Every structure is written in C-alpha cells, then in structure tokens.
Amino acid sequence: MSEPVAPSTRPTMESVVSLCRRRGFIFQSSEIYGGINGFWDYGPLGTALKRNLKQAWWSDVVERELIGPDGNAVDIVGVDCTIIMNPKTWIASGHVGGFNDPMVDCRESKARYRADHLVVIGRTAPDARLFAFLESDDDAKAKAIKTLCKYERIDSPDPASHTMRLFTTLSETDRARCVGPDASAPGSLTEPRQFSLMFKTNVGAIESDDSSAYLRPETAQGIFTNFWNVVDTSRVKVPFGIAQIGKAFRNEVTPRNFTFRSREFEQMEIEFFIRPESAPEWYRWWRDERFRWWQSIGLGSGNLILREHDRDELAHYAKEGAGTSDIEYRFPFTAPGFGELEGIAHRADFDLKAHATHCGKGEKLRYFDQERNERYFPHVIEPSAGADRGTLALLCEAYTPDPARASGVYMKFHPRMAPIKAAVYPLVNKEGMPEMAEGIYRSLRKKHAVEFDEKQSIGKRYARMDEAGTPFCFTVDGDSLSSGTVTVRHRDTLAQERIAADQVGSWLDDKLDSTA
RNA sequence: GCGGGCGUAGCUCAGUGGUAGAGCGGCAGCCUUCCAAGCUGCAUGUCGAGGGUUCAAAUCCCUUCGCCCGCUCCA
C-alpha cells in the first residue's frame, strides 16, 4: 500500500480523463455548446465520489470525536455561508487591491508579468535605457545587469548612478525607456493593468457602480465574518473551529489540468481559533492530522507529501506565523512534481482584526476569554482543502492499469470513497438465482449504494464494476440456494470467498467502516 | 496572453473534394455455472462551431470555441 509508484508506470492524464468521460465521472460543462474553459460537471459516478469525499471530511472534522494536542476533544461547528457577500468583505480581506494584481504585458515578447514583481535597473537620466527583470529571478537579474553593462560599455554597474526601482513607481515616460525582461528594444512594456481574478456581478436588477458584488474567491471570509455570531450563539470557547464546505470562484488566467485549476470549485475549510501563544502547537497538530486524513481515505502511497513552505513564499498574512504547509499530490500532470490539495496556514489574527477594523467596531470585537479574564483576537490555523482537487487525486490514485483483466484497468478506490459499494449478481439468469440476488440487493440498498444487474455475462458485469471502482461483488451461484451462501469477489485481488447470504449486510458494514 | 499539437459514434481511431466508417462499448433477445465468450438484431453522429471557395467540403481557406503540452500566471 505504501510502495511509491514509479512515474513510468503511472497513468497518463489522458487515460484518466478518458475513463472519467467514458464512465461518467466528469464531463465538460455545457459540452454540447462546445464547453466553457475552466468549468466541469460531475456525472453520476463522479458526483457520488465527490460526495463521499466531502461527507468523510465533514464527518471526520465536525461530527466524529477528534482528540487535540491538549488531550481534549477538538470542538468544531459548521456554517454554510453565501457566495455573494457585502463587497466590503473583500476590501477587509485584502482581495480587492491585492487579489486583483496589476499585470504588465510585453508587446515584443508577448510575455506577461506581475507589475509588482518587476524591477528595473539603469541611470536616472531621462534618455537612459532601463532594463527590467523579475525580482525573484536571479538569472534574469544577472542578465539585465549584463545587458546594461554591454549597452553602456562598462564593466559593472556604478552604485552611485545606477539605481534599481520598482516598475510600479515609474512614470509613463520612464516606462517608455524600459527594455522588457525578454525583449531587445525599449518601450514594449504596457502600463500596469488590472486583471480581476474575482468574478463580478450585480445585486439588484439595475446595474450601477453601487450594485457591484463579487462571487467569493474563498469560503474563509464567510467564516471570519460569522465568528462573532457563532461565539454568541453556540457556547464555543477558544480553542474551537468553524468548518464550511462551499463553492468559490476565481477567474483564473489559465485554467489548466482538467479539474485541478478550474474557475468554479469547491473548498472544504476549517478556521480554527486559538490562543495566540498556542499557534505552533496547533499548527503542527493540524498539519499532521490533515496529512494523516488524506492518507486514510486512500492516498496512502508515496504520491502524497507534506511540504513546509519556505519563508519567502509565505502569503502576506503568514509572514510572521508559525508556518504554512501544503499537502501535495503527485498528479500525472505535475509528476515528478506535486500539486496542492490542501494548505495549512497560521493566519495569525489578520482576518478577525481586519474585519473588526473595517466594520468600525475595532477593539470592541476582541474575544473575551473568561478563563483568563482577558480580551484578545484569537489566532487562526486554517486547513483549507480543495474538494475537486481531492476528488481528482482520488481518481488518479485509484486508476490502476492491469493488462491481465478484461477492462485493462480498475479503479482502486478506498471502500469508503467508492461511488458504488457493492454489486449483487446472479451468476446466470435462471434457477432462482436472479430472485435470490435481487432479495440481497434490496436489503443492502436500504443502507448502501449498491447495484444489481442480471444482464450479459458475469465477466462483463465484473469488468464494469472494475472501472467504476466497486470494491465488492456478491454473486449468487448454483450452490447459493441450497447452502445459503454467496461468493464475494474482491476488486483488487480478484480473489473470491464464500460467505453466508444472511451475513452479507454486516460483512459489508464491517468492510466499509474499517479505515485500513 | 504566447508557441506547439489535437478536435469524426460513449471510447480508440480510419477516412486528402464525390452516398460518413471500423473495432470496442451500449441496448434487446437467445445462450451462458465465475471474470468484456458466442449468435441474432437494434440504436447512436450539429465530422467542435460559424463563415467562405466549389456543381459538390469531414477533407481546401478564414474566424472562433474547446482539450492537451511547453512558457507565463497561480493573492
């Protein structure tokens, strides 16, 4: 189970996408009109898979008992907030102004850069050329300096006359003498332009500037703005968490890689509120707990890693925090690299403070810790996961080519995630077998997603279940009527065992409950 | 946004200007005692879309949309 899979034996993304289409896991949105870039629909099996993922998450973080690092049960309550919120929310959160990054295009090289990442070097003289580079790219910086020296026929820049400036601080005339990072002539860089990553809409039938609103780019802010409501109404005490599953929208520049980066997606977020000094302890605990959780639902192979962020890639709200880490999965399209499934970040008190300030109540909104007789803004540990990315990881991980079987492939879902838990089949369509099988099917169906099929050959029916990832098939054969037993066919091993027909329900319950 | 590749049945694909096809899959029936067996039959297409050239376009031209890969981007 924990054997790392060599990249060469891993499925191609093409084959995963093809199976998703063929078996009804995922379709392109509005496909009959040619689709729409960055939007995806889930078909019958995909919907079941994603629901199982979300239900497992909700059940495991909100409903079931979880013991925290302090030895006490972790207290988490749920909310379900709106997608459209008061636009002031996004000013407070920093999404308006920060999220909408100004970009600069290069007319010559056709490249696009974030304006606030561009730096120029050169003389201040009004006719001197300025050479631009991306501040994070040392090679580009070296190249810009080299080009500068070559252009001015000098050996090295003179600190007294050559200055570095941010591109965003340049005047229009200064920009005209800039040479882009990948350009040869000056004047090819455009002025910084806003590319809004938030979807805009209007509230009310009449459009005006005042009526503008945004589709939320993350579910977190609904939790933060409801923090005080939850504290006032639900008897929670720090440390506690608020969880939410919901849609979020980002107008991505380049949606790519199937459902991995889509414009409409679903998040599973917890904001866990703690005393500031306990941040390191809770951060580490959540990071490890969340990693363990993803492993428990079927991502236990070497394709899942926990990666601590370097200090220089931390978000603005996390610079001084206890840390940020990603749980990452090696997708076929990222291999040998990894793509993020969930981020765990110590957001300090950034969000609660920001909302307290922007709504005008300020310090009055500090949380009162009765035990300590103290007021403060709790710190936050945020485990924020992508439901669509998680579903995609489950699909990629489950995809197991097997030339030995008729389907050529089977989906090795963890039983808890499997869209169909079991199928019940008569071996052949006669001698009372269909009737007995249907009886078992109907009793199982009271509790589980199961399937019954009496058509075609048994091999064909098994093959179909392999591609749907159904872990167990119960088959009524010639001996079943007299012995009161059925066979169980195990998806992964193809092994069969015989169990009592009246025990099938409890047998299945056991298998689905086990987290192995 | 740039560059490259691709788009024909549910899937994989053939079809270079002249009646839209194959294999697999699907459905129905027969058959079938454990892994897509066989037989018979059936259904399935805006040839991604729009426009143009032509007597005639899946095929040539233009535009556009979508998918994949590489850049770029990913608060």
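Bear in mind that the values here come from a model prediction, so they are computed numbers and not experimental data. In what follows, every chain begins at residue 1, and chains take the letters A, B, ... in the order their sequences are listed.
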Looking just at side-chain N and O atoms, do [X] and [Y] make a donor-acceptor pair shorter than 3.5 Å?
| X | Y | result |
| --- | --- | --- |
| Ser325(A) | Tyr283(A) | yes |
| Tyr462(A) | Thr475(A) | yes |
| Asp477(A) | Ser480(A) | yes |
| Arg216(A) | Gln267(A) | no |

Please classify the nucleic acid contact of [X] as base, sugar-phosphate, or nothing, using heavy-atom distances under 4.0 Å.
| X | answer |
| --- | --- |
| Tyr425(A) | nothing |
| Glu340(A) | nothing |
| Asn37(A) | sugar-phosphate |
| Glu218(A) | base |
| Gly339(A) | nothing |
| Asn429(A) | base |
| Leu19(A) | nothing |

Could you give the [atom1]-to-[atom2] distance, from [X] to [N], as a whole number of Å?
| X | N | atom1 | atom2 | answer |
| --- | --- | --- | --- | --- |
| Phe39(A) | C67(B) | CZ | P | 11 Å |
| Arg461(A) | C27(B) | CZ | C1' | 15 Å |
| Gln28(A) | A49(B) | CD | C1' | 13 Å |
| Met13(A) | C69(B) | CE | P | 8 Å |
| Met433(A) | U32(B) | CE | P | 11 Å |
| Glu454(A) | U33(B) | CD | P | 16 Å |

[N] to [M] separation - [atom1] atoms, rounded to the nearest Å:
| N | M | atom1 | value |
| --- | --- | --- | --- |
| A49(B) | G7(B) | P | 13 Å |
| U72(B) | U12(B) | P | 30 Å |
| C61(B) | C6(B) | P | 13 Å |
| G26(B) | U44(B) | C1' | 9 Å |
| G52(B) | A56(B) | P | 12 Å |
| C65(B) | A28(B) | P | 42 Å |
| C42(B) | G21(B) | P | 15 Å |
| G18(B) | C13(B) | C1' | 23 Å |

Give a yes or no on whether the ring-centroid distance for Phe331(A) and Tyr329(A) is below 6.0 angstrom. yes
Phe472(A)-Trp507(A) aromatic ring centre distance below 6.0 Å: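 Between Phe472(A) and Trp507(A), the centre distance is under 6.0 Å.
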Parallel, tilted or perpendicular, judged at 30° and 60°: which one describes the rings of His379(A) and His346(A)? tilted
Knowing that exactly one of Arg287(A), Arg290(A), Arg307(A), Arg389(A) qualifies, which makes a salt bridge (charged side-chain N to carboxylate O under 4.0 Å, His left out) with Asp326(A)?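 Of Arg287(A), Arg290(A), Arg307(A), Arg389(A), salt bridge (charged side-chain N to carboxylate O under 4.0 Å, His left out) with Asp326(A) is met by Arg307(A) alone.
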Could you list the protein-to-nucleotides 37-45 of chain B atom pairs, N/O on both sides, closer than 3.5 Å?
| from | atom 1 | to | atom 2 | distance (Å) |
| --- | --- | --- | --- | --- |
| A37(B) | OP2 | Ser457(A) | OG | 2.5 |

Glu252(A) or Thr475(A): which one's nearest nucleotide on RNA chain B is closer to the 5' end?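 Nearer the 5' end of the strand: Thr475(A).
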Pro378(A) and side-chain contact (heavy atoms from CB on, under 4.5 Å): which single residue from Leu352(A), Ile274(A), Asp349(A) fits? Leu352(A)
Sugar-phosphate means primed atoms, P, OP1 and OP2; the rest is base. With that split, encode nucleotides 7-13 of chain B 5' to 3' as B, S or - using protein heavy atoms under 4.0 Å. ---SSS-
Hey, are the side chains of Thr400(A) and Val409(A) touching, using non-hydrogen atoms and a 4.5 Å cut-off? no
Would you say the base of C34(B) and the side-chain of Tyr462(A) have a donor-acceptor pair closer than 3.5 Å? yes
